[in-house]
Amino acid sequence: MPPRLPIRVAFPRPSAVISQGTPRRLLLPALTSTTTCTPTSTSTSTSTTALSSRGVHNGWSTAPARSKPRRFNQPSAGLPALTTGPAAALKRRENTTPLRAGVLATKKGMTSMFVGKARVPCTVLQLDQVQVVANKTREQHGYWAVQVGAGARPARNVTSPQLGYYEAKGIAPKSELAEFKVRGEEGLLPVGAQLLPDWFQRGQYVDVRAQSRGMGFAGGMKRHGFAGQEASHGNSKNHRTIGTTGPSQGSGSRVMPGKKMPGRMGNEWVTVQNLKVLKVDNELGVVLVSGPVPGPKGRVVKLQDSKKRKAPALPHREKAVDALKERHPDAEERLEMARKTHLDMKERRQARTLDL
C-alpha cells in the first residue's frame, strides 16, 4: 500500500486576496484595498487569519452587510402596515360592509311595471313578520351583526333549546333565521322590533342572496356548457358525453381536482348584486326589485343594501330608525321583562324535574 501524501493547505494568491479597490467575497471587511501585494510572511499570515475567521460565530459570508436590509414594505413608503387579527380583518372589510341590517323576504314571482316609458321586469318579494331577534357585538362575538327572523313556526316543531332562546327574547318561534353583518354599533337595532318594507328607499340598490333552483343530476353540456362531440364520422352513441377526463404522462394519469364533469346542478347560494328597488308597499308588505332573483317561488331570500353602491341617504336612514323606534317605544322594557320571565320559568322547570 503506497504511503499517504501529506495534507496540503492551499493559500489564496495575493491577487485573490486583494482586488482592485473592492474586497471580494472571501475577504474580511478588515482587509481593504490599501494592503500591499508583497509576497512576504505578513501577507501569508493575514490570509491564514482571514480563512480561520470564517465560521458560524463570525458568519459564513465575509461580504459587507447590506446597507438597508429592511427597505421593502416600510410604512414610510406609503404602504399599509402588515397586520393580522380580528381588528385588522374588520378594518379590511369596512368599506364592503353595509351600514344597516337587511331583511328576510319570500319570493312570490315575477311581473313587470312601467318606469316612465320603459317596461321593466321585476320580482315581488314579500316580508312576513320580520323581527329583530338578537344583536351581536364586537366585544362579545368579535363583529357587529343583527339576527333577523321571519315567518312563524309551531312550538311543537321547535327544539327545547330554541324555545328557551325565543322565550328569553319575548318572541314567538320563527321559521327562518338569518344574520346580517353591519359596519358598526350604530347599525344595531332594538330586539323585538318589526321591519317593514319602508326600511328600504325607492330607487336605492340592494343585493339579493338565495339558493338557486335545484335541477338534479345534469350532464356536462347542460351543467358546464360543453359543445358535445361530432354527430358522424365514426362517432357512435357518444354525442353528448364529455370525452376524456384524465390526461396522461405529465399529470400522472389521473383526474385533476376540480375537473368539470356531470353532477348535481343548482341548489347553491347565489348573490345578485345592484338590483334597483322599484316599489315599496307597507300595506301589502312587498318590495319590488328590478330583474330576476335566485330560487323558485316560495324561496326565502336575504335582502340588504348593496355593497358596491352608495347606501341610502342619511335622512332616509335616520327616518327609518326613528319610525322603527316609534312603533316599538318599549322594546328594552319588554326584553328585560321577557328575560326575567324566562329565568323564572327555567327555575320552575328545573324544580319540577327534581321532584320527578
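Computed from a predicted model, the values in this text were never measured in an experiment.
Atom CD of Gln273 has more than 12 heavy atoms from other residues, nucleotides or ligands within 6.0 Å. Enclosure of atom CZ in Arg334 is not indicated, since only 12 or fewer non-hydrogen atoms of other residues, nucleotides or ligands lie within 6.0 angstrom. Surrounding CZ of Arg93 are at most 12 heavy atoms belonging to other residues, nucleotides or ligands under 6.0 Å away. In this structure, Lys91 places its NZ atom where only 12 or fewer heavy-atom neighbours from other residues, nucleotides or ligands lie under 6.0 Å away. Few gaps surround CE on Met110; more than 12 heavy atoms of other groups in view lie less than 6.0 Å from it. Remark: Glu94 CD is packed, more than 12 non-hydrogen atoms of other residues, nucleotides or ligands lying under 6.0 Å away. The local environment of CD in Glu332 is sparse, with at most 12 non-hydrogen atoms from other residues, nucleotides or ligands closer than 6.0 Å. When the shell of 6.0 Å around CD of Glu333 is examined, it contains more than 12 heavy atoms from other residues, nucleotides or ligands.
In plain terms, the two heavy atoms of Tyr165 and Ala134 that are nearest each other are OH-CB, 3.5 Å. Counting all heavy atoms, side chain and backbone alike, Pro197 lies closest to Val280 at O-CG1, 3.0 Å. In terms of heavy-atom proximity, Gly295 sits nearest to Lys107 at O-NZ, 2.6 Å. In terms of heavy-atom proximity, Val158 sits nearest to Pro173 at CG2-CB, 3.8 Å. The two residues Val133 and Val191 come nearest to each other via the heavy atoms O-CG1, 3.3 Å. Closest approach of Cys122 to Leu278, counting heavy atoms only: CB-CD1, 3.8 Å.
Glu186 CD to Arg100 CZ: the interatomic distance, rounded to the nearest 0.5 Å, is 12.5 Å. Rounding to the nearest 0.5 angstrom, the gap separating the CG atom in Asp322 from the CZ atom in Arg327 is 11.0 Å. How far CD of Glu347 is from CZ of Arg352: 13.5 Å, rounded to the nearest 0.5 Å. Put simply, CZ on Phe217 and NZ on Lys222 are 12.0 Å apart, with the number rounded to the nearest 0.5 Å. Here the straight-line distance linking atom CG of Leu284 with atom NZ of Lys108 works out to 12.0 Å at 0.5 Å rounding. The distance from atom NZ of Lys307 to atom OG1 of Thr97, rounded to the nearest 0.5 Å, is 6.5 Å.
With respect to Asp344 and Lys340, no salt bridge is recorded, no charged nitrogen being found less than 4.0 Å from a carboxylate O.
With a 4.5 Å cut-off on side-chain heavy atoms, Arg138 and Leu90 count as touching. Arg299 has its side chain out of reach of Pro294: every pair of non-hydrogen atoms, C-beta onward, lies at least 4.5 Å apart. Val132 places none of its side-chain heavy atoms less than 4.5 Å from the side chain of Gln147.
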(message) One pair to check against side chain to side chain contact (heavy atoms under 4.5 Å, CB included): Val293 and Leu275. What are the steps and the verdict?
(response) CA-CA 9 Å; Val293 167; Leu275 297 182; 4.1 Å; yes
(request) Please test Val182 against Leu188 for side chain to side chain contact (heavy atoms under 4.5 Å, CB included), starting from the C-alpha separation and ending with a verdict. (result) CA-CA 8 Å; Val182 293; Leu188 303 182; 4.3 Å; yes
(request) Step by step, work out the side chain to side chain contact (heavy atoms under 4.5 Å, CB included) result for Asp207 and Gln304. (result) CA-CA 6 Å; Asp207 294 341; Gln304 195 174 14; 5.6 Å; no
(message) As a quick check of understanding, evaluate side-chain hydrogen bond (donor to acceptor under 3.5 Å, both in side chains) for Gln229 and Thr241, giving each step before the final call.
(response) CA-CA 7 Å; Gln229 300 187 25; Thr241 57; 3.0 Å; yes
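Checked by atom type and distance alone, the side chain of His342 never pairs as donor or acceptor with a backbone atom of Lys169 at under 3.5 Å. The backbone N or O of Val255 lies less than 3.5 Å from no partner atom in the side chain of Thr245, so there is not a single donor-acceptor pair. Between the Trp199 side chain and the Leu324 main chain, no donor and acceptor come within less than 3.5 Å of each other. Under the 3.5 Å distance criterion, the side-chain polar atoms of Ser175 are matched with a main-chain donor or acceptor of Ala150. Judged by distance alone, with hydrogens and angles left aside, the side-chain atoms of Thr123 form a donor-acceptor pair with the main-chain N or O of Gly291 at under 3.5 Å. Asp305 places no side-chain N or O within 3.5 Å of a backbone atom of Pro312 that could act as its donor or acceptor partner. Judged purely by atom type and a 3.5 angstrom limit, Arg309 has no side-chain atom pairing as donor or acceptor with the backbone of Gln204.
Taken together through direct or relayed side-chain contacts under 4.5 Å among Ile, Leu, Val, Met, Phe, Trp and Tyr, Leu99 and Leu189 form parts of separate hydrophobic clusters. Transitive grouping of hydrophobic side chains (ILVMFWY, heavy atoms separated by less than 4.5 Å) brings Val277 and Val148 into a common cluster. The hydrophobic clustering, which links ILVMFWY residues whose side-chain heavy atoms are closer than 4.5 Å, places Val301 and Val124 apart. When hydrophobic clusters are built by joining Ile, Leu, Val, Met, Phe, Trp and Tyr residues whose side-chain heavy atoms come closer than 4.5 Å, directly or via intermediates, Phe200 is grouped together with Val321. Hydrophobic clustering, with ILVMFWY side chains joined whenever heavy atoms are under 4.5 angstrom apart, keeps Leu177 apart from Trp144.
No side-chain donor from either of Glu167 and Thr341 sits under 3.5 Å from a side-chain acceptor of the other. In this structure, a donor-acceptor pair under 3.5 Å is present between the side chains of Thr271 and Arg209. Under 3.5 Å, the side chains of Lys174 and Gln131 contain a donor-acceptor pair of N or O atoms.
With sequence neighbours excluded, the residues forming a side-chain hydrogen bond (donor to acceptor under 3.5 Å, both in side chains) with Glu179 are Lys136, Tyr143, listed by chain and number.
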